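Structure first, then comments.
This one's a predicted model, so the numbers in the text were calculated from it and none came from an experiment. Numbers for residues simply follow the sequence, beginning at 1.
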Amino acid sequence: MSTVGIELYPKAESYRQDILAKIDINIGPVGFAYRGLLEELNEVVRGSKIYSAAYIEGLYGSGKTLVLRKLVYDIVSGPDKEKYKNVIPIYFFLGEMDFRLLQELKGYFRDLITYTSSEAYAVKPNIIGERSDWKLRLPILEEAVKIIGEVEKSYKLEEEKEILGFFDVLRELNRKGYYPLLIFDEFERVIYTGDGLKSDLGRKAFVTYINNYLELTRGHLYSGMFVITTTRPIDELVKTAVEEQRPHMNFIMSQLGVSPTRVVEDFPLVRGHIVYDFKTTLDWYDLHLELLANRYGLILHRELLHLVAHVLPTPRAIVQIDKKIKTHLGVKPEVVTPQELYKALEPKIVEFLERLKKEKIDSRFIITARTQWHLKFIELLKNGFFVVKSNVYNDVAKALGISIEDYRKARQKVSQILHDLCKIELFEATGEGEYRLNPQILAYALEIERLPDGSIASLNEVIGKIKNAVKKKREMQKKYREQEERKKQEE
């Protein structure tokens with residue numbers, strides 16, 4: 001497929017309909033996910049299955065939304081659109097709405113009706129496919145709005161109306177010969193960040209949804225297909241939200257009667273009997289990223305591709321690095337090494353460290369007069385050590401001013417420095433003797449809209465994560481000192 005004239009953007013929501021028609025999705029993990037979802041839907045359409053539940057996981061910027069928008073476009077307006085004429089895509093960006101599914105469904109159908117009748121309509125990212133093709137579905141869209149009006153009268157509890165009434169509408173679509181393709185994009189924004197739970201009713205409705213999740217994944221609520229995307233495994237999102245004491249999660253746990261100490265074991269969304277028909281993770285590797293960069297004219301230096309593959313392996317990172325280099329350095333990306341990339345990232349890194357110097361934990365500054373780790377951290381990045389493996393420890397030692405006369409001691413010092421940087425989450429250990437810059441810090445420095453876990457990439461969010469890590473480190477040090485003191489007293 002020709003990619004001439006197609007420019008990659010940081011956000012898949014930005015692509016116009018004509019670009020979705022042309023874009024090549026058959027690259028690496030996004031190609032596998034697209035083909036897998038399409039085959040699941042084909043089985044439903046041809047009657048081999050009555051239902052399919054799919055799960056896609058990938059860091060923010062890994063291509064999940066592009067896969068889904070391309071999928072919906074091809075279903076509505078692609079070469080095989082006749083095959084899918086009885087499929088009704090329902091696309092929800094969960095972070096941009098309140099979790100009142102019935103009300104959101106009504107708004108979605110009304111937007112589609114307006115879209116089919118007005119060339120002046122400002123198309124929303126979840127309205128995908130050509131007007132002429134949606135017009136063919138116009139009678140069922142208008143009927144669906146009427147059905148919603150009837151369903152709204154059926155429930156006394158508002159939270160049940162919003163969830164159970166929502167699935168009543170989908171079953172009515174089934175009875176009229178249609179298969180809903182329900183897409184929940186950005187699920188981390190209801191579980192982890194809470195962005196998609198904008199009201200008390202939305203939070204109560206989400207609890208009702210959680211209690212019906214097993215039935216949803218097993219196809220007991222309607223016939224068709226369900227797709228969910230998330231940045232990390234749901235159990236990890238739940239656990240992290242609890243550890244960070246996110247207010248929405250406290251509310252959800254109290255409503256479910258789940259204890260914080262058993263949240264992962266007892267949370268309904270992560271129990272062992274939750275099974276998906278199709279499940280994939282968008283893991284990008286060096287070859288995938290190189291193919292993507294070449295296909296779309298983003299010819300980055302090979303060392304930069306290696307850096308991205310090991311720190312923030314997403315198409316969005318490649319697009320942003322290309323943009324940063326051209327804007328800040330004014331040179332071609334294919335000639336820029338990691339050492340030179342730091343110059344483009346330096347303003348954001350310095351901003352981050354300057355703010356960190358002002359932060360306190362329990363009235364004590366994070367960076368004290370004796371602190372050296374922030375200086376070592378910035379020297380590593382200045383010298384291009386976004387990724388450190390054991391075979392470059394000598395080079396790291398030189399960059400940090402460590403004498404290498406005693407080879408073994410130098411390596412031990414480097415290892416200890418990297419270990420200490422991991423404790424405060426500036427770096428991460430990825431294997432024996434292997435480390436990388438925390439992907440969240442690179443995402444922030446690249447000015448990507450959200451961090452890899454889906455949380456907003458604000459300075460406050462990044463600083464908050466580092467403060468949590470420093471606090472844990474200090475608590476562990478205090479506990480260790482107390483244990484040592486008790487041992488001395490016992491002796």
Side-chain angles (χ1 to χ4, degrees), residues 8 10-12 23-40 53-71 183-189 191-192 227-237 239-240 270 274-296 298 300 302-322 386-389 427-432 434-443 446 448-455 457:
L8 293 183
K11 296 189 295 182
I23 204 160
D24 184 3
I25 200 69
N26 288 303
I27 299 175
V30 292
F32 176 78
Y34 171 84
R35 293 189 297 273
L37 292 175
L38 195 60
E39 180 52 33
E40 287 296 315
Y55 171 98
I56 301 179
E57 183 184 314
L59 300 177
Y60 183 79
S62 59
K64 302 183 299 295
T65 297
L66 180 59
V67 169
L68 297 176
R69 295 195 76 217
K70 175 65 172 174
L71 177 74
I183 294 173
F184 279 180
D185 200 359
E186 303 181 331
F187 197 68
E188 70 280 354
R189 294 180 70 182
I191 283 290
Y192 175 50
V227 184
I228 185 173
T229 75
T230 182
T231 52
R232 286 188 288 162
I234 294 175
D235 59 343
E236 286 187 19
L237 294 171
K239 183 179 178 183
T240 308
V270 296
I274 301 293
V275 178
Y276 300 93
D277 298 86
F278 177 74
K279 188 174 183 177
T280 189
T281 301
L282 302 187
D283 289 326
W284 289 82
Y285 298 104
D286 301 61
L287 291 176
H288 299 145
L289 293 170
E290 187 171 352
L291 175 61
L292 178 75
N294 288 328
R295 185 78 57 85
Y296 288 93
L298 304 172
L300 302 184
R302 290 186 68 88
E303 280 190 69
L304 292 187
L305 287 170
H306 176 85
L307 182 160
V308 172
H310 286 80
V311 180
L312 189 58
T314 68
R316 191 161 298 173
I318 283 191
V319 172
Q320 285 296 95
I321 286 177
D322 178 82
F386 295 80
V387 178
V388 180
K389 296 187 177 182
F427 269 69
E428 289 183 350
T430 58
E432 184 65 35
E434 296 183 2
Y435 301 87
R436 68 176 180 181
L437 174 66
N438 185 331
Q440 295 179 334
I441 294 174
L442 181 58
L446 288 173
I448 291 174
E449 182 188 30
R450 291 187 173 271
L451 301 178
D453 60 16
S455 54

Go through the side-chain N and O atoms of D453 and T231 and say whether any donor and acceptor fall under 3.5 Å apart.
no
Nearest heavy atoms of [X] and [Y], plus distance in Å:
X: H288; Y: G28; value: CD2-CA, 3.6 Å
X: F187; Y: I228; value: CG-CD1, 3.3 Å
X: A309; Y: D286; value: CB-OD1, 3.5 Å
X: F427; Y: V388; value: CE2-CG2, 4.4 Å

Quick one: does [X]'s side chain get under 4.5 Å of [Y]'s, heavy atoms only?
X: D283; Y: P29; value: no
X: R450; Y: E188; value: no
X: I191; Y: T230; value: no
X: Y55; Y: I234; value: yes
X: V311; Y: V387; value: yes
X: L300; Y: L289; value: no
X: V30; Y: K70; value: no
X: I321; Y: L298; value: no

Pair E57 + K279, salt bridge at N-O below 4.0 Å:
no
Mind checking the [atom1]-[atom2] spacing from [X] to [Y]? Nearest 0.5 Å is all I need.
X: Y192; Y: E236; atom1: OH; atom2: CD; result: 11.5 Å
X: L442; Y: H310; atom1: CG; atom2: NE2; result: 14.0 Å
X: I23; Y: Y296; atom1: CD1; atom2: OH; result: 4.5 Å
X: L38; Y: I25; atom1: CG; atom2: CD1; result: 11.5 Å
X: D235; Y: T240; atom1: CG; atom2: OG1; result: 9.0 Å
X: I27; Y: L292; atom1: CD1; atom2: CG; result: 5.0 Å

Could you tell me whether the side chain of [X] and the main chain of [Y] form a donor-acceptor pair under 3.5 Å?
X: D322; Y: I318; value: no
X: R69; Y: A12; value: yes
X: K64; Y: D185; value: no
X: W284; Y: S62; value: yes
X: S455; Y: L451; value: no
X: D277; Y: A53; value: yes

Starting from the C-alpha separation in whole Å, work towards a yes-or-no answer on side-chain contact (heavy atoms from CB on, under 4.5 Å) for L312 and I448.
CA-CA 11 Å; L312 189 58; I448 291 174; 3.9 Å; yes
side-chain contact (heavy atoms from CB on, under 4.5 Å) between F278 and L37, worked out:
CA-CA 7 Å; F278 177 74; L37 292 175; 3.9 Å; yes
Residues, nucleotides or ligands: over 12 heavy atoms within 6.0 Å of [X] [atom1]:
X: R302; atom1: CZ; answer: no
X: L287; atom1: CG; answer: no
X: Y276; atom1: OH; answer: yes

